[in-house]
Structures are given as structure tokens and as C-alpha cells.
Participant: 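Structure incoming, see below.
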Amino acid sequence: MVFKLIPLLLAATGALAAPSALTAPSVDRCGTSISSEQATEADANFMQALHDKGLTLDDFSHEVERDITLTTRALNPINVYFHNVFATPDAAGGFLTDDQIFSHITTLNRQMAATRTSYRLAAIDRVQNPAWFYAAGPVRSTGAENDYAVQMKNSLRRGGPGDLNLYTVAFRDGGLSGLLGYATFPWNFQGAPQFDGVVYRFDTGPGGSAAPFNEGKTLAHEVGHWLGLLHVFQGGCNQPGDYVPDTPPQYSPSSGCPVGKDTCPEAGVDSIHNYMDYSDDACLTDWTQGQVARLNAMIATYRGII
């Protein structure tokens, strides 16, 4: 494993203002979005890509059905390149210790065990750059990444389509307050490999200060996107929703842990315990078999992970 400390890097626009208290996160916890039209196109392309490989989604569904426990069948570990971007070399400034980073990955492995994926920390970069730390993220109106995020990823990203790059930042400035994380989808890699990965708020890890989002489940949620899953409320009550047959239609994201929440007339209550909803971390515990089948088909197709 490689550990590296990168000296202070200032963006072309210069350093930002002195640190201030971070805003408590709101329910708008994820910046990963896709329109219904984009989701339809992505699914059609995915099915064609599976066909071209002589596979179907049913192949993966049957495999999952034959192996209900799943936890004993982790794939070869996915290499993780961890980029700890910080403003100042202390806890308030986003600096994470080795033990904290190890805890992020250990917790991720535990939360993702049912998905048949596992993660190995391959390298750590520590980068002191206040501009990236406070302002890197998506443009809320378009979903595209802003200049700070583009600079950060162009400078730091490592590996190929099957390697997971993680970036910890603060999401404080430029309209990003309240955001906890965002990710790219597997099918995005071919067209923009340099942007592939997950960016998430540094204090959402285990024991962090972003309660009630401080059990590491923001990272699991965003890795779910990186593996190819959509939000369980994608498309609202309209089919095909998130393209997973065993997640009931859901009109809106959840907040807190609203047991019994049921926003669509179709059978099944909302998936408030599913990692791909917005509930508080303590409420998120589940992956469905349909999600597991779909994400494994996705990463076999687009990331070369089999």
C-alpha cells in the first residue's frame, strides 16, 4: 500500500476564505441524478451490451437466487484509491488519520457484503487544497462537475474502470451546503474516464460529526451508484422506476426513518431501509436480490469485474 502526502495545491482562482463551521446536512443528501429519459437510454444500452457479451440479466438473477447468503462469495477485491482532500491538517479542516481511513473502508466492506463486492485499500493520497476541499462538487442546476472538481479529479484519479477512486471534501461553498456525496455511473467511464469515482463529505464516516449521517452509509449509497444502481425513488410511482423488480415504486426520498411510509398505490411500502434511499444512516440496512443481480451485471459489463 502506498501512502503519499501531496504539498499544498492552490487552484488558479486562489485560496478560499478561512474555515467556518460546516452546515448541518439536509435531506438532499446525494448529488447523483439522472433523468427518466437518460435512465431509459442507459438501460437500453446496458441490455444491448449484455446481449453482445452473450449474457442476460436473468443469468445474474439466477446466480443470486442460488446463493442467498451472498456474504461468503465476495468477488476479487476492488482496489480503492483514497484521496483525502483537506483544508488544514486537523480534524476540523478535513484531515483524516490512517485509522479513520481504514475504518471507512472496513465499514464499507461490512455494509456492501451482501452485494458480493469487496474493497481493498490500494493507496492513500493526502492533498492540502482549501479550494477543492470547500468548493469541489456538482453544479446543482446541471449536474455537471464544477471547475474545482474537474481540477481535483484530473490531478488525482488513478487506475482503470474497475478501480474505485474516493475523494473526501466538505461541500461548503458554491451552493453545495447540505450535500453529502455524489458518484459517476459505470456507463459514464468510457466517455469520461478521468471523472470516474465517488466524492463524499469527510465527516460522514463512522463516528464523524455529520449526525445523523455519520455511520459511513453515505459512502455505501454512493458506491451503489458507482456499481450501477439508481435511487429507489427514481421515476416516482411510474414504471420502470429504478429498473429493479423487487424495489416497490416510491414517489419521494425518505427522511429520518418513517416506518410504514407508502407513497405509491402499487403493492409494497417504500424502501426506507434500502441503502439507495435518503433515510438516516441508522435506518439504512438493506440491499435487495434484484439490486445485487443488477449491480453485478453492471460491473461485469462496464467495469470488467467478474
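The structure presented is a predicted model; accordingly, all values stated were derived computationally and were not measured.
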Participant: Does the side chain to side chain contact (heavy atoms under 4.5 Å, CB included) test come out yes or no for D98 and R126, once each step is laid out?
Facilitator: CA-CA 10 Å; D98 288 352; R126 288 190 174 88; 2.6 Å; yes

Participant: Under a 4.0 Å threshold between the charged nitrogen and the carboxylate oxygen, would K217 count as salt-bridged to D277?
Facilitator: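 No.
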
Participant: Have Q151 and D147 got a donor and an acceptor in their side chains that come within less than 3.5 Å?
Facilitator: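 No.
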
Participant: Would you say that D270 contacts P248 through its side chain, given a criterion of any heavy-atom pair below 4.5 Å between the two side chains?
Facilitator: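 SC-SC contact between D270 and P248 ruled out.
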
Participant: CD of Q100 to CG of D203: how many Å apart, nearest 0.5 Å?
Facilitator: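 It is 10.5 Å, given to the nearest 0.5 Å.
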
Participant: Which value, rounded to the nearest 0.5 Å, describes the distance between F133 atom CZ and F86 atom CZ?
Facilitator: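 It comes to 9.5 Å.
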
Participant: Would you check if the side chain of E222 reaches a backbone N or O of L219 as a donor-acceptor pair within less than 3.5 Å?
Facilitator: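 Not a single qualifying donor-acceptor pair exists.
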
Participant: Are any non-hydrogen side-chain atoms of Q250 and H231 less than 4.5 angstrom apart?
Facilitator: no

Participant: Could you check T107, I78, L227 and say which one makes a side-chain contact (heavy atoms from CB on, under 4.5 Å) with M112?
Facilitator: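 It is L227, the one option of T107, I78, L227 that forms the side-chain contact (heavy atoms from CB on, under 4.5 Å) with M112.
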
Participant: Does any non-hydrogen side-chain atom of L230 lie less than 4.5 Å from one of M276?
Facilitator: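 M276 vs L230: side chains apart.
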
Participant: Are any non-hydrogen side-chain atoms of L96 and F82 less than 4.5 angstrom apart?
Facilitator: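 A side-chain contact under 4.5 Å exists here.
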
Participant: Rounded to the nearest 0.5 Å, how far does CG of L50 lie from CG of D58?
Facilitator: 10.5 Å

Participant: Hey, could you give me the CD1/OG1 distance between I306 and T301, rounded to the nearest 0.5 Å?
Facilitator: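 Output value for this atom pair is 10.5 Å.
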
Participant: Is there a donor-acceptor pair closer than 3.5 Å between any side-chain N or O of N154 and the backbone N or O of V150?
Facilitator: yes

Participant: Which atom names give the shortest non-hydrogen contact between D281 and G216, and what distance separates them?
Facilitator: OD2-N, 3.5 Å

Participant: Under 3.5 Å, is there a donor-acceptor pair between the side chain of D43 and the main chain of A39?
Facilitator: no

Participant: Counting only heavy atoms from other residues, nucleotides and ligands, does the tally under 6.0 Å from CD of Q239 exceed 12?
Facilitator: yes

Participant: With side chains defined as the heavy atoms from C-beta onward, is the minimum distance between T117 and V223 less than 4.5 Å?
Facilitator: no

Participant: Distance only, no hydrogens: is a donor on one side chain within 3.5 Å (strictly under) of an acceptor on the other, for T88 and D90?
Facilitator: yes

Participant: Provide the closest heavy-atom pair for C237 versus P265 in the form atom of the first, atom of the second, distance.
Facilitator: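 That closest heavy-atom pairing would be SG-CD, 4.3 Å.
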
Participant: So, do R116 and E63 sit near enough that their side-chain heavy atoms are less than 4.5 Å apart?
Facilitator: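 Yes - at least one pair of side-chain heavy atoms lies under 4.5 Å apart.
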
Participant: Can you tell me if OH on Y251 sees more than 12 non-hydrogen neighbours from other groups inside 6.0 Å?
Facilitator: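 Atom OH in Y251 is not packed in, count stays at 12 or less.
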
Participant: Looking at every non-hydrogen atom in both residues, tell me the closest pair between Q111 and A220 and how far apart they are.
Facilitator: OE1-CB, 3.5 Å

Participant: So that I know where these two stand, are W287 and Y275 an aromatic pair - ring centroids less than 6.0 Å apart?
Facilitator: yes

Participant: Regarding T184 and D196, is there a side-chain donor-to-acceptor distance under 3.5 Å anywhere?
Facilitator: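 Checked: T184/D196 side chains pair up, N/O donor to acceptor below 3.5 Å.
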
Participant: Any Lys/Arg nitrogen of R158 or D163 sitting under 4.0 Å from an Asp/Glu carboxylate oxygen of the other?
Facilitator: no

Participant: Please confirm whether the backbone N or O of G137 pairs with a side-chain atom of N146, one donor and one acceptor, at under 3.5 Å?
Facilitator: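 Side chain of N146 to backbone of G137: a pair is present.
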
Participant: Without hydrogens or angle criteria, can the side chains of Q291 and T115 be said to hold a donor-acceptor pair below 3.5 Å?
Facilitator: no

Participant: Take the angle between the ring planes of H104 and Y200 and call it parallel below 30°, perpendicular above 60°, tilted in between.
Facilitator: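 If you compare the ring of H104 with that of Y200, the planes turn out tilted.
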
Participant: Quick one: does F185's side chain get under 4.5 Å of T32's, heavy atoms only?
Facilitator: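 Yes, close enough: below the 4.5 Å cut-off.
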
Participant: Between S177 and R140, which heavy-atom pair has the shortest distance, and what is it?
Facilitator: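 In this case the closest contact between S177 and R140 is O-NH2, 3.8 Å.
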
Participant: Go through the side-chain N and O atoms of H83 and D125 and say whether any donor and acceptor fall under 3.5 Å apart.
Facilitator: yes

Participant: Would you call D246-R294 a salt bridge at under 4.0 Å N-O?
Facilitator: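 A salt bridge is absent here (no side-chain N lies under 4.0 Å from a carboxylate O).
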
Participant: So, does Q128 use its side chain to make a donor-acceptor pair with the main chain of A87 at under 3.5 Å?
Facilitator: yes

Participant: Check the pair N45 / Q48 against side chain to side chain contact (heavy atoms under 4.5 Å, CB included), numbers first and verdict last.
Facilitator: CA-CA 5 Å; N45 292 338; Q48 183 61 53; 5.7 Å; no

Participant: Nearest 0.5 angstrom please: F95 CZ to T97 OG1, how far?
Facilitator: 7.5 Å

Participant: Can K261 and S254 be counted as having a side-chain donor-acceptor contact under 3.5 angstrom?
Facilitator: yes

Participant: Is the shortest side-chain N to carboxylate O distance from D280 to R29 below 4.0 Å?
Facilitator: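 R29 and D280: not salt-bridged.
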
Participant: Is there a donor-acceptor contact under 3.5 Å from the side chain of N296 to the main chain of A293?
Facilitator: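 No, because the side chain of N296 does not come within donor-acceptor range (under 3.5 Å) of the backbone of A293.
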
Participant: Within 45 degrees of the ring normal and closer than 6.0 Å to the centroid, is that where the cationic atom of R172 sits relative to Y134?
Facilitator: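 So R172 does make the cation-pi contact.
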
Participant: Is there a side-chain contact between I272 and C257, using heavy atoms and a 4.5 Å cut-off?
Facilitator: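 I272 reaches C257 side chain to side chain.
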
Participant: So, for C30 and H225, which heavy atoms are closest and what is the spacing to 0.1 Å?
Facilitator: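 Looks like SG-NE2, 3.5 Å.
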
Participant: I need the Y182 OH to Y167 OH distance, nearest 0.5 Å.
Facilitator: 9.0 Å

Participant: Using modelled atom types and a 3.5 Å cut-off, is there a donor and acceptor pairing between side-chain atoms of N214 and backbone atoms of A210?
Facilitator: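 Looks like no, no N/O pair under 3.5 Å.
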
Participant: Minimum heavy-atom separation for K53 and A300, please, with both atom names.
Facilitator: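 Scanning both residues completely, I find the closest heavy atoms to be CE-O, 4.2 Å.
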
Participant: If we ignore hydrogens and angles and just use 3.5 Å, is the side chain of H51 paired with the main-chain N or O of M47 as donor and acceptor?
Facilitator: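 No, H51 side chain to M47 backbone: no donor-acceptor pair under 3.5 Å.
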
Participant: With a 6.0 Å cut-off on the ring centroids, do Y278 and F233 count as close?
Facilitator: yes

Participant: If you draw a 6.0 Å radius around CD in E41, do more than 12 non-hydrogen atoms from other residues or ligands fall strictly inside?
Facilitator: no

